[in-house]
Structure formats: C-alpha cells, structure tokens
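None of these values were measured; they are calculated from a predicted model. Residue numbers begin at 1 in each chain, while the letters A, B, ... track the order of the sequences.
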Number of protein chains: 2
Amino acid sequence: MAQKDQAQGTENSGQLDFPRPLATVDVVIFAIRNEGLHVLLVQRPAGAGEPFPLAFALPGGFVDVAKDRDLEACAVRKLKEKTGVTSPYLEQLGSWGSAGRDPRGWSATHAYFALMPEEAGRAALAPDAQWFPVVAGKIKPKLAFDHGEILTAAVERLRNKVEYTSLPAYLMPAEFTLPDLQRVYEIVLDRPLEKSAFRTRILSADMIEPIAKMRRGPNRPAQLYRLKKGREPVYFVRTFNPPE
Amino acid sequence: MAQKDQAQGTENSGQLDFPRPLATVDVVIFAIRNEGLHVLLVQRPAGAGEPFPLAFALPGGFVDVAKDRDLEACAVRKLKEKTGVTSPYLEQLGSWGSAGRDPRGWSATHAYFALMPEEAGRAALAPDAQWFPVVAGKIKPKLAFDHGEILTAAVERLRNKVEYTSLPAYLMPAEFTLPDLQRVYEIVLDRPLEKSAFRTRILSADMIEPIAKMRRGPNRPAQLYRLKKGREPVYFVRTFNPPE
DNA sequence: CCGACTTAGTTGTACAGTGCAACTTACTTA
DNA sequence: TAAGTAAGTTGCACTGTACAACTAAGTCGG
C-alpha cells in the first residue's frame with residue numbers, strides 16, 4: 001500500500017519527494033535444447049559506468065513509466081527487446097530488492113519465469129543473447145547482480161511445479177509423442193519416471209489430444225499429440241513418485 | 001536486471017535520471033478468530049491529498065531506502081509500525097505494478113503473505129488497525145487501491161497451499177489438539193476432512209510432537225501437541241480429498 | 001526373407017494412502 | 001449409573017502408483 005511517507009519524517013500529506021528505489025524487471029526463460037535444460041541470457045554492455053561489464057545477465061531492464069502499462073507488459077517488452085523471443089508461458093517468480101544488489105543504488109527487480117519450446121528459440125535471436133545449459137541448477141559463468149540467486153530460485157520453482165503440474169507442456173513443440181513429453185519431465189526432474197503411471201496420468205488429465213499422424217522412426221511408430229488449445233496448466237493431486 | 005536505460009532514449013551509460021515508479025510493500029496477514037478466517041487491515045488517514053481517505057487497506061507503505069536493508073525487512077517493519085503485530089510466517093505473494101493503481105503515479109507494490117495465531121493478535125493492536133472476517137474470499141468494505149485484488153490472490157494462495165502443506169500450523173497457538181488443527185484446515189478449505197486420514201497424514205509428517213498434557217473438557221480429553229521447533233513447512237505428496 | 005534389435009504401448013500384481021463408516025474409549029452431567 | 005459427546009481406532013473398498021513382464025510395430029543386417 002502506498003501511504004503518506006512517515007518514513008521520511010515528513011507528515012505532510014501527499015509528500016512524494018523522497019528517494020525512490022530503482023525498479024526493474026527480469027525474465028528467466030527456459031527451454032529444452034539437446035536433451036538438457038537451458039536458460040537464455042544476454043551479455044551486458046561494456047560502456048563506462050556500466051555495472052558488471054560483459055558479464056551475462058537475465059534479460060530485463062528498467063520499468064518505463066511511459067511505455068509500460070503494468071509489470072507483465074514490461075516483462076514481455078523486455079524479453080522481446082533484449083532477446084528477440086516471445087514466450088507462451090509467463091508467470092511471476094518473485095521480487096528481489098535490497099540496498100546492495102545494484103551498485104547504482106537501492107533497487108528492486110520484479111522477476112518473471114517463462115517457458116518456451118526449442119523450435120521457437122531457433123528464430124532470430126538478438127546478437128548478444130545466448131542459450132546456456134543449466135547444470136545442477138547452476139550456470140557456468142557467474143552472473144551479473146544477484147541473477148545467479150534468481151536463477152536458482154527459478155530452477156527450484158520449475159522443479160517443484162513440474163512435480164505436480166503440466167508445465168512441461170509449454171516446453172514442447174506443436175506436435176509431440178508421450179515418450180517425448182515424459183523425457184522432458186525426466187530432464188527437468190533429473191530422475192526416471194514410471195512409463196505406465198505417467199501415461200495414465202497425462203491421458204486422464206484431458207490436456208492433450210491425439211492427431212491423425214504417427215511419429216515414424218527406426219522402430220515402432222508413436223502416436224503424435226498436440227496441446228488442447230486454451231488449456232490452463234493442469235494441477236495433479238499427487239506428485240510423481242516422490243524422491244525418497 | 002538493472003541496465004542502462006534504453007527506454008528513455010538516452011544511450012549514455014550509467015544515466016539514471018528518468019522517472020522511477022513508486023515502490024511500496026504491503027502485507028496480507030491472516031489469523032483464525034472465532035472459527036473464521038480474518039485479515040488485519042488499517043484505516044487510511046484523511047489528510048488533504050491522501051488517496052482513498054478513511055478507506056481500509058492492507059498494512060504497508062513506501063520502501064525507505066535509508067531504513068530498509070531489503071524488501072522483507074521493509075515488510076516486517078511496516079507490519080510492526082502499522083499494526084503492532086509480528087508474524088511467525090512471512091512469504092512473498094507477488095507484485096502488483098501499473099500506471100493506474102495509485103492516483104499519485106506509476107507504482108509497484110511488493111506484496112507479502114503472513115500467518116499468525118490468534119493469541120498473538122490480542123496484544124497491543126495499533127489504534128487504526130482492525131481484524132476483518134474473510135467471507136467467500138472477500139472482505140465487506142471495499143479496499144483502497146487494488147488491495148481487494150491482492151487479498152483475493154492471498155486467499156487463493158492460502159487455500160491452495162493448505163491443500164498440500166502444513167501451513168495452518170502457523171495459525172495455531174503454542175499448544176493445540178489434532179481436532180483443533182483439523183478444524184483450522186476445514187475453516188480455510190471450507191469443507192470437511194476425513195478424521196482418520198487427517199490424523200495419519202499429520203502424525204506421519206513429523207511436524208508436531210505430543211506434550212505431557214491433555215486438553216480436558218466435557219468429554220474425552222484430547223492429547224495436546226506443539227510444533228517441533230525449527231520445522232520448515234511440510235509439503236505433502238498428495239492433496240487432501242480433492243474437491244470433486 | 002528372417003531374426004535380432006529397439007522403442008511404443010499394455011497388462012498384471014503388490015502396495016500405500018484415502019473415503020467411508022462403524023466402533024471403542026474416556027470423560028461430564030443429570 | 002445411564003446418557004451424551006467428542007477423541008481416537010479399526011476394517012474394508014477403492015484409486016492410483018511401483019515394479020516388472022509382456023505384446024506390438026517398425027528398422028536393419030545378414
């Protein structure tokens with residue numbers, strides 16, 4: 001809630017002349033590439049006065065009070081501007097704000113969490129944007145600001161939700177098989193799942209529908225499916241076979 | 001991520017002289033009072049230039065870059081200052097930011113979600129703070145700003161998490177019985193739960209421990225329990241008997 | 001042309017936790 | 001001492017998973 005600023009010691013109503021934190025938005029966007037979880041990062045500029053020159057960072061930037069109607073619009077805009085991609089799934093992840101996270105002053109970022117299929121990531125990527133594999137919840141290069149911490153939180157959120165939702169559907173191409181989908185679940189969770197229980201659960205969730213086509217390969221063909229359109233993510237009432 | 005401000009059209013590195021949104025923190029704090037879910041609200045001042053004079057609002061206020069080390073510290077401070085209470089459980093709920101939510105300009109609030117036992121709420125409450133019953137996820141008075149929307153999101157989050165976590169433990173007094181705990185679950189979920197399944201689940205979660213005392217009443221005494229100290233919230237692998 | 005190989009998809013049995021309902025236990029009160 | 005009430009337990013049916021073996025449908029190499 002915004003109220004009169006008792007913090008500044010001025011009790012005059014409507015006084016707004018006190019220092020404000022910097023307000024930014026950052027997006028953690030995941031895709032599966034080459035059988036592994038990847039995250040899209042952008043390299044920071046090297047100009048004078050730039051914090052963390054040439055380090056990699058999450059795509060994002062300052063909220064523009066003239067351009068952005070709201071935070072989500074800002075996230076969509078920043079993602080498009082910084083990386084060139086658009087995401088079919090975007091949710092809030094959380095916010096990080098403190099005196100020290102940005103050398104330019106007290107700043108707070110509104111972090112978003114996004115998923116996209118690999119196919120869409122092959123299109124025009126911004127020149128300084130790049131996909132990085134996520135290994136053990138971390139990234140090789142040390143990230144700018146507290147973005148390493150934000151990324152860790154995003155991976156944890158992804159793992160948690162994949163355990164009991166249909167979120168991986170947003171990581172799939174337009175047409176996919178059930179084993180494809182299961183593989184994506186397994187990649188994110190980093191453990192094998194039971195084939196028959198997986199099939200039962202997904203098929204009874206009414207989230208995908210078979211199309212009149214099979215995936216052909218060197219062995220038995222597999223039924224192709226597509227997402228039912230307009231489907232919100234499905235929440236299961238159990239997790240998959242629990243870790244221990 | 002904070003980066004140079006391309007949005008303002010100035011490409012000079014380190015330029016920070018552009019308008020910043022207002023930054024606030026608000027807290028939705030719940031307690032069970034009189035067999036019902038309640039929220040703690042504060043009445044807004046009536047001074048000239050004050051938005052929503054005398055309306056009720058979530059406790060919160062502007063981030064103070066001098067006083068607040070980070071957002072959570074700001075939430076704790078605001079809760080204490082505005083209402084007088086302190087919460088044993090505080091988590092981020094999300095952020096709401098847009099051009100129109102505050103008549104004083106583009107503003108973004110970082111909303112927190114808190115739980116506390118009723119007993120702690122009986123102590124010194126700030127004079128303009130007041131508990132309101134939550135009926136059907138809503139509050140009787142129309143709230144200031146978009147706080148009605150934030151409250152709705154908080155109730156939804158609470159309901160969702162109570163379905164598969166031990167969060168209600170933070171709504172309990174220091175000593176309580178299993179039927180007490182079950183009643184709190186039922187109040188929040190607004191549906192009855194199975195007694196035997198509930199007991200089995202809670203007792204096998206290793207979150208509470210019996211004390212050498214019984215609750216005596218007009219009928220069979222009930223075993224009293226307390227929370228095991230230092231326990232994080234427990235996540236169950238199933239929800240309770242699903243709504244349909 | 002046939003048998004080895006591989007992956008898709010199904011089936012069967014054991015098990016865990018819930019839903020439902022009846023039951024026992026332990027106390028108060030008339 | 002019997003009735004009443006809430007605490008706590010028990011038993012059985014049911015659902016969905018775990019595990020594992022099985023069948024199905026294709027390619028490929030001899």
Side-chain angles (χ1 to χ4, degrees), chain A residues 35 162-166 172-173 175-187 189-226 234-244, chain B residues 35 162-166 172-173 175-187 189-226 234-244:
Chain A
E35 300 274 305
V162 165
E163 200 76 64
Y164 60 93
T165 69
S166 64
M172 305 305 292
E175 301 179 353
F176 57 89
T177 67
L178 273 176
D180 288 345
L181 183 58
Q182 183 174 346
R183 232 162 277 137
V184 169
Y185 270 88
E186 291 172 340
I187 288 167
L189 294 177
D190 196 28
R191 73 169 190 270
L193 297 182
E194 251 307 303
K195 182 168 51 165
S196 59
F198 181 83
R199 297 176 69 90
T200 308
R201 175 184 289 210
I202 298 293
L203 290 176
S204 64
D206 189 42
M207 50 181 273
I208 61 178
E209 55 191 0
I211 59 178
K213 209 173 6 166
M214 306 289 278
R215 155 93 41 89
R216 310 189 66 84
N219 38 41
R220 178 172 175 171
Q223 179 63 54
L224 280 166
Y225 292 86
R226 68 170 168 227
V234 175
Y235 285 73
F236 306 119
V237 299
R238 295 196 196 180
T239 62
F240 286 102
N241 49 353
E244 73 244 59
Chain B
E35 299 274 306
V162 164
E163 199 77 64
Y164 61 93
T165 69
S166 65
M172 305 306 290
E175 302 179 353
F176 56 89
T177 67
L178 274 175
D180 288 345
L181 183 58
Q182 183 175 346
R183 232 162 278 136
V184 170
Y185 270 88
E186 291 173 340
I187 288 168
L189 294 177
D190 196 28
R191 73 170 190 270
L193 297 181
E194 250 309 298
K195 183 168 52 165
S196 58
F198 181 83
R199 297 177 68 92
T200 307
R201 175 185 288 210
I202 297 294
L203 290 175
S204 64
D206 189 42
M207 50 181 272
I208 62 178
E209 54 192 0
I211 60 178
K213 208 171 10 163
M214 306 290 277
R215 155 94 41 88
R216 310 190 65 84
N219 40 40
R220 178 171 176 172
Q223 178 64 54
L224 279 166
Y225 293 86
R226 67 169 168 227
V234 175
Y235 285 73
F236 306 120
V237 300
R238 296 195 197 181
T239 62
F240 287 100
N241 50 354
E244 72 243 63

Determine the contact category for [X]: base if any of its heavy atoms lies under 4.0 Å from a base atom, sugar-phosphate if only primed atoms, P, OP1 or OP2 are that close, otherwise nothing.
{"X": "A/Pro221", "answer": "sugar-phosphate"}
{"X": "B/Ser196", "answer": "base"}
{"X": "A/Arg215", "answer": "nothing"}

Check every atom of [options] against the side chain of [X] and return the nucleotide holding the closest atom.
{"X": "A/Gln223", "options": "C/dG9, C/dT18, D/dT17", "result": "C/dG9"}
{"X": "B/Ala222", "options": "C/dG9, D/dT5, D/dG8", "result": "D/dG8"}
{"X": "A/Pro179", "options": "D/dT9, D/dT17, C/dG9", "result": "C/dG9"}

Within 45° cone of B/Phe176 ring axis and under 6.0 Å: B/Arg183 NZ or CZ: no
Please state how far atom [atom1] in [X] lies from atom [atom2] in [N], giving the value in whole angstrom units.
{"X": "B/Leu178", "N": "C/dT25", "atom1": "CG", "atom2": "P", "result": "20 Å"}
{"X": "B/Glu186", "N": "D/dA6", "atom1": "CD", "atom2": "P", "result": "13 Å"}
{"X": "A/Phe240", "N": "C/dA16", "atom1": "CZ", "atom2": "P", "result": "21 Å"}
{"X": "B/Ile202", "N": "C/dG17", "atom1": "CD1", "atom2": "P", "result": "14 Å"}
{"X": "A/Arg216", "N": "C/dT7", "atom1": "CZ", "atom2": "P", "result": "17 Å"}
{"X": "B/Leu193", "N": "D/dA7", "atom1": "CG", "atom2": "C1'", "result": "17 Å"}
{"X": "A/Met214", "N": "C/dG9", "atom1": "CE", "atom2": "C1'", "result": "10 Å"}
{"X": "B/Lys195", "N": "D/dG11", "atom1": "NZ", "atom2": "C1'", "result": "15 Å"}

So, do A/Val234 and A/Asp206 sit near enough that their side-chain heavy atoms are less than 4.5 Å apart? no
So, OP1 or OP2 of D/dA7: does either fall under 4.0 Å of a side-chain N or O from B/Arg183? yes
Between C/dT28 and B/Arg220, is there an OP1 or OP2 to side-chain N/O distance shorter than 4.0 Å? no
So, does A/Gln223 use its side chain to make a donor-acceptor pair with the main chain of A/Ala212 at under 3.5 Å? no
Starting at the 5' end of DNA chain C, which residue's closest nucleotide do you reach first, B/Glu194 or B/Arg238? B/Arg238
Short N-O contact, A/Glu194 and A/Arg201, less than 4.0 angstrom: no
Nearest 0.5 Å, what's the CG-OH distance between A/Asp180 and A/Tyr225? 11.5 Å
